[in-house]
Structures are given as structure tokens and as C-alpha cells.
Amino acid sequence: MQRIRLRYTKRGRLRFTSHRDFQRAFERALRRAEVPMAYSAGFTPHPKVSYANAAPTGTGSEAEYLEIALTETRDPDKLRLLLDESLPAGLDVIDAVEARTSGLADRLTASVWELRLDGVDPADAERAIAAFNTAESVEVRRKTKNGVRTFDARPAVAHLETHAPQADRPTDQPCAILRLVVRHVTPAVRPDDVLSGLHAVADLAPPVPAAVTRLAQGLFDEETGTVTDPLAPDREAAAALSTAALAAAATAPVPEGSA
């Protein structure tokens, strides 16, 4: 059985699709692309697809991950193209590797988010961020199905700063761009929780809902403060295997009479 790991996006209007909506669209894409999927056992077999840490509905993402199991070997790049063509624009499969290591979900320990706050002056955002970063704790409230929950959002935030707006999106209205690195902890701290925290410590209140996009997710490097590519170990393992195969071929004895 071959396992393939995929990175896909949620862009534009497709950011409003729920995780269940994406699951249905992806299973249809698997059928259209005639992918030789492995299926679970039991009375209701379903394709062996493992989803990892999906982004909340309403947020865009450049870094969603899943893993599929195949009954026949396929080239990851060709499979990626077939699936990408079978999905609607906005749900784009942008990377594929053969799984050669274990624990993809264990390597998703942090996310990098971008928050676009239209109508917010960057100077006001800077002051709010300074107050958030210097606070020992930032209590926020979240409505859940069991009622309102209060928790400290500050420990999960590894990095928070303003970022220059994109030059290709000029506007005559003020706009603050925030870059945020959040550790994946329990309870999960989401970008909207950080916005609630900014309101709590500095009364920052965007006049319109923030446009939120996940830019990356992976292992958090405590020394550099960066989030690393979770598919890199699989690529490195494949490269090492290829190098070992080439070395073995180069040192293999030449059969007599083949020269």
C-alpha cells in the first residue's frame, strides 16, 4: 500500500466551505481522477483519507494537509495534477510527496496566520500588539455548545506583529496587516481569539470582519521562531533512498561477459 501526502489551499470564496464540504468535493475528485484508493473494512467502506488540523470555516488557507492510501503505486506529481484538475478553482492541490516517515499530524504544532484588518490604522494596531505582547495573560471568552468558556490566549501566541500591506492592493482606507504565529495547544487558540484579546487589552475593534488566511503550518522551531515545512522529512527520506540506490548501483559487480 502506498501513502501520499498532499498540501492544498482554500482560496477566494472557497474559504467559506466547511470541512465536510471539502471532504465531499475531495472524494468526488478521487473518483473523477480514477485514483486507486484503499478502502476501510466493514459494512460501509470509505476511502482511506486522513485529514490533519483543518482550518475553520470562513478562513482562507495556503497550507492544509491530508494523506491518502492507494492500492497501486502512483507518481505523486502526476497524481497531484490529476486531483488539482478534478477540484474546483480555489481548492488547489499544490504539493504531493510519498509518505516515507510517520507522524504527519505530530509535525503540525503551529500555524502562521495573516489577518487583514480593513478600517484599522496601522499605528493603532501597533499599540494594541505592544499591549498584547507585554501582557502576562490575556483572557478571552468563546461561545461553545456547552456555554461560554474563558481561557488565557497569551501563552499560545509565539509571535505577533504588523506587516506591510501588499502593494498590489491599494486602498484609500486605513488597513492593518497582522502576522501571527500560534502554537497548537489545548484549548485551541484561533485567530479570532487573538482579535478578542487585542480588543480586551487595547480596545482594538475592526469595523468589518477580518480577512484571515493561514499561510503555513508545521513544526515550530523555538530557536528561530519559524514554522517548518511538515513534508520536508518525506522529501529528505526519498532523496536519501535515491542516493543510496545510485551508490549501490555504482558499486555493484559487473557480470562477466557484459562488457
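Only this structure's heavy atoms are used, side chains among them; waters, hydrogens and symmetry mates stay out. The model shown is predicted, which means the values in this text are computed figures rather than measured ones.
Scanning for ring-ring contact (aromatic ring centres under 6.0 Å, His included) contacts around Y65 gives an empty result, with sequence neighbours left out. In this structure, Y39 has no ring-ring contact (aromatic ring centres under 6.0 Å, His included) partners at least two apart in sequence or on a different chain. Listed by chain and residue number, nothing satisfies the salt bridge (Lys or Arg N to Asp or Glu O under 4.0 Å) test with R80 (two or more places apart in sequence, or in another chain). Under the rule for a salt bridge (Lys or Arg N to Asp or Glu O under 4.0 Å), R15 has no partner lying at least two apart in sequence or in another chain. Residues satisfying the side chain to side chain donor-acceptor pair (under 3.5 Å) test with R7, not counting sequence neighbours, are none. With sequence neighbours left out, T101 forms a side chain to side chain donor-acceptor pair (under 3.5 Å) with R5, R107, D234.
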Identify each donor-acceptor pair in which a side-chain atom of residues 147-160 lies under 3.5 Å from a protein atom, sequence neighbours left out, and give them as a table.
| residue | atom | partner | partner atom | Å |
| --- | --- | --- | --- | --- |
| D152 | OD1 | V138 | N | 2.8 |
| D152 | OD1 | R154 | N | 3.0 |
| R154 | NE | F132 | O | 3.1 |
| R154 | NH1 | V157 | O | 2.9 |
| R154 | NH2 | N133 | O | 3.2 |
| H159 | NE2 | E161 | OE1 | 3.4 |

Using the rule given for side-chain contact (heavy atoms from CB on, under 4.5 Å), can you reason through K10 versus L91, listing the C-alpha separation, both sets of side-chain angles and the distance that settles it, and then say yes or no?
CA-CA 5 Å; K10 288 174 60 180; L91 299 177; 3.8 Å; yes
Does the pair D92 and R11 meet the rule for a side-chain contact (heavy atoms from CB on, under 4.5 Å), with working shown?
CA-CA 8 Å; D92 306 318; R11 295 168 173 163; 3.0 Å; yes
Dump the intermediate steps for side-chain contact (heavy atoms from CB on, under 4.5 Å) on R179 and L215, then the final yes or no.
CA-CA 9 Å; R179 284 285 174 89; L215 302 180; 3.4 Å; yes
Set out, in order, the CA-CA distance, both residues' side-chain angles and the distance that settles side-chain contact (heavy atoms from CB on, under 4.5 Å) for L83 and L30, then state yes or no.
CA-CA 7 Å; L83 288 172; L30 291 171; 3.7 Å; yes
Does the salt bridge (charged side-chain N to carboxylate O under 4.0 Å, His left out) test come out yes or no for E114 and R116, once each step is laid out?
CA-CA 7 Å; E114 181 178 275; R116 181 182 175 91; over 6 Å; no
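Not less than 6.0 angstrom separates the ring centroid of F26 from the ring centroid of Y8.
For the atom pair CG of L6 and CG of L104, the computed distance is 10.0 Å after rounding to the nearest 0.5 Å. Here the CG atom belonging to D192 is positioned 9.5 Å from the CH2 atom belonging to W113, to the nearest 0.5 angstrom. Separation of atoms CG (L66) and CD1 (I4) is listed at 11.0 Å; rounding is to 0.5 Å. In this structure, L117 CG and L195 CG are separated by 6.0 Å, a value rounded to the nearest 0.5 Å.
Pairs passing the salt bridge (charged side-chain N to carboxylate O under 4.0 Å, His left out) check and including a residue from residues 199-218, sequence neighbours excluded, read E64-R214. Legend: ring-ring contact (aromatic ring centres under 6.0 Å, His included) pairs involving residues 178-224, not counting sequence neighbours: none detected. For residues 135-144, the pairs satisfying salt bridge (charged side-chain N to carboxylate O under 4.0 Å, His left out) are R142-D193, with sequence neighbours left out. Sequence neighbours left out, the pairs with a member in residues 216-233 that pass salt bridge (charged side-chain N to carboxylate O under 4.0 Å, His left out) are R183-E222, D229-R235. Within the structure, every pair that satisfies the salt bridge (charged side-chain N to carboxylate O under 4.0 Å, His left out) test and touches residues 22-51, not counting sequence neighbours, is listed here: D21-R24.
In this structure, L115 and P191 have side chains that are in contact, with non-hydrogen atoms separated by less than 4.5 Å. Between V194 and L178, every side-chain heavy-atom pair lies at or beyond the 4.5 Å cut-off. Between T71 and P36 there is a side-chain heavy-atom pair separated by less than 4.5 Å. Contact of the L82 side chain with the V35 side chain is not registered, since no non-hydrogen atoms from C-beta on lie closer than 4.5 Å. Between L70 and M37 the shortest side-chain heavy-atom distance falls below 4.5 Å.
In terms of modelled atom types and a separation under 3.5 Å, the side chain of S111 and the main chain of V182 share no donor-acceptor contact.
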